[in-house]
Amino acid sequence: MTTTSPDQLWAHVHCLGALAEAGSYTAAAARLQVSKAAVSQRITELERAAGVPLVQRTTRSVRLTPAGQQLVDQTRGAYEQIQRSFASVRDLAATPSGVLRLTAPVALGRQYIAPALAGFHRAFSSVRVDLELSDRLVPLSREGFDLAVRHTHAPPDDHVAWKLCDSRTLLVASADYLDRRGLPEHPSALAGHDALAYLRPGPSIWQFERQAQAAAEPERIEVTVHGPFRANNSEVLRDAVIDGLGIALLPDFSAAAALGSGRLRVVLPDWRPVGFFGDAIHAIRPWSPHTPRAVHEVVECLRRALAPGFASP
């Protein structure tokens with residue numbers, strides 16, 4: 001029988017909960033900011049003290065045993081309360097401190113989020129922001145993020161969300177391309193153009209709508225487009241459009257500077273692209289009754305930086 005006192009294992013139980021949410025030793029280690037070996041050792045020590053297996057290990061995945069899941073389920077609430085209590089106590093300090101993990105889309109993060117954080121760092125130098133740029137929609141609580149910036153139509157219902165600004169999708173082309181291929185006068189004409197589509201599974205289908213003055217419902221049309229190049233990054237597509245390779249749908253934040261300089265032109269301005277990129281930029285975090293002050297201050301910094309929106313033609 002083990003002689004380990006339960007109060008020596010609280011960190012081990014927390015580690016098991018992180019492993020359950022992360023789904024792998026590597027992800028749990030990254031979330032806890034310890035080595036993978038340290039996570040493995042704590043789980044082994046916890047299993048030895050419990051006297052039963054808590055984790056099922058295979059070559060491809062990590063799952064909890066029924067005993068491990070029971071331990072996580074029965075202690076999760078206590079650890080969440082500890083996190084809330086500690087955050088509220090830390091907020092009593094004159095200035096926030098600690099590490100804040102933030103994720104944002106690549107193009108938006110490079111062009112707007114990272115520059116906006118410079119002002120935050122000047123005001124709150126005791127907070128370290130770890131910014132991860134990824135177009136993958138990561139589960140925030142599972143991967144240990146405190147905050148995410150999302151380009152979306154609607155944030156998830158089980159998250160706290162702050163709207164930072166509106167956004168819209170624009171159909172754009174270069175003057176050189178339009179001189180060579182002609183200006184499309186209706187969305188249906190796009191089927192005969194070189195479309196530079198965002199890389200997604202299946203055929204590339206662009207949808208548009210136009211509100212006729214006398215009609216109650218907007219006129220809608222969808223077009224299957226084809227072209228010589230696709231990419232999963234709006235900056236890459238923007239540069240290809242500037243080079244005259246084709247015509248593309250871009251979020252306004254990626255197109256704004258090129259539109260302002262005249263390197264890009266808006267095509268079919270009377271038609272609104274729908275169902276593609278989001279129509280607003282939000283900051284979101286997993287729901288909790290308390291928002292840490294550092295998170296609040298970052299959100300306010302981003303709200304001020306993005307309040308003007310993105311320059312449009």
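This is a predicted model, so every value here is computed, not measured. Hydrogens, waters and symmetry mates play no part in the numbers below; they use all other heavy atoms, side chains included. The chain is numbered in sequence order, starting from 1.
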Enquirer: Is any side-chain heavy atom of L170 closer than 4.5 Å to one of L264?
Expert: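 A side-chain contact is absent here, since even the closest heavy-atom pair is not under 4.5 Å.
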Enquirer: State whether the side chain of T65 and the backbone N or O of P53 hold a donor-acceptor pair below 3.5 Å, judged by distance alone.
Expert: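 The answer is yes, because a donor-acceptor pair under 3.5 Å joins these two groups.
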Enquirer: Ignoring hydrogens and geometry, is there a side-chain-to-backbone donor-acceptor pair from N232 to L199 under 3.5 Å?
Expert: no
Enquirer: Roughly how far apart are I281 CD1 and K163 NZ, rounded to 0.5 Å?
Expert: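 The NZ atom of K163 is 10.0 Å from CD1 of I281, to the nearest 0.5 Å.
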Enquirer: As an exercise, state the distance from CG of L302 to CD1 of I113, rounded to the nearest 0.5 Å.
Expert: 5.0 Å
Enquirer: Take atom CZ of R63 as the centre, draw a 6.0 Å sphere, and report whether it contains more than 12 heavy atoms from other residues, nucleotides or ligands.
Expert: no
Enquirer: Do the non-hydrogen side-chain atoms of F120 and V127 ever get within less than 4.5 Å of each other?
Expert: yes
Enquirer: Is the shortest side-chain N to carboxylate O distance from R42 to E45 below 4.0 Å?
Expert: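 Looking at E45 together with R42, the answer is no, because their closest N to O distance does not fall below 4.0 Å.
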Enquirer: Taking the side chain as everything from C-beta on, heavy atoms only, tell me whether S174 gets closer than 4.5 Å to D243.
Expert: no
Enquirer: For the residue pair R285 and V299, establish whether any side-chain heavy-atom pair is separated by less than 4.5 Å.
Expert: no
Enquirer: Heavy atoms, side chains only, cut-off 4.5 Å: are L183 and V267 in contact?
Expert: yes
Enquirer: Would you say that F253 contacts S167 through its side chain, given a criterion of any heavy-atom pair below 4.5 Å between the two side chains?
Expert: yes
Enquirer: Any heavy-atom pair between the side chains of F277 and D252 that's under 4.5 Å?
Expert: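 Heavy-atom side-chain distance check fails, nothing below 4.5 Å.
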Enquirer: Using a 6.0 Å cut-off, check whether atom CZ of R110 has over 12 heavy atoms from anything other than its own residue.
Expert: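 It does not: R110 CZ has 12 such atoms or fewer within range.
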Enquirer: Only one of D270, V274, T169, L249 clears side chain to side chain contact (heavy atoms under 4.5 Å, CB included) with F208; which?
Expert: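 Among D270, V274, T169, L249, the one that satisfies the side chain to side chain contact (heavy atoms under 4.5 Å, CB included) with F208 is L249.
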Enquirer: Quick one: does H186's side chain have a donor or acceptor within less than 3.5 Å of a partner on S188's backbone?
Expert: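 Side chain of H186 to backbone of S188, a donor-acceptor pair under 3.5 Å: yes, one is there.
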Enquirer: Can you tell me if E47 uses its side chain to pair, donor with acceptor, with the backbone of L54 under 3.5 Å?
Expert: yes
Enquirer: Is there a side-chain contact between L178 and P184, using heavy atoms and a 4.5 Å cut-off?
Expert: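 Yes, their side chains come closer than 4.5 Å.
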Enquirer: Fit a plane to each ring of Y177 and H193, take the angle between them on a 0 to 90° scale, and name the class: parallel (under 30°), tilted (30 to 60°) or perpendicular (over 60°).
Expert: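 The arrangement is tilted - the two ring planes meet at 30° to 60°.
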Enquirer: Please check if the side chain of R101 supplies one atom and the backbone of L140 the other of a donor-acceptor pair under 3.5 Å.
Expert: no
Enquirer: Where the side chain of Q111 meets the backbone of A107, is there a donor-acceptor pair that is under 3.5 Å apart?
Expert: yes
Enquirer: Ignoring hydrogens and geometry, is there a side-chain-to-backbone donor-acceptor pair from S234 to L250 under 3.5 Å?
Expert: no
Enquirer: Under the 3.5 angstrom rule, does the side chain of S125 hit a backbone N or O of R122 as a donor-acceptor pair?
Expert: no
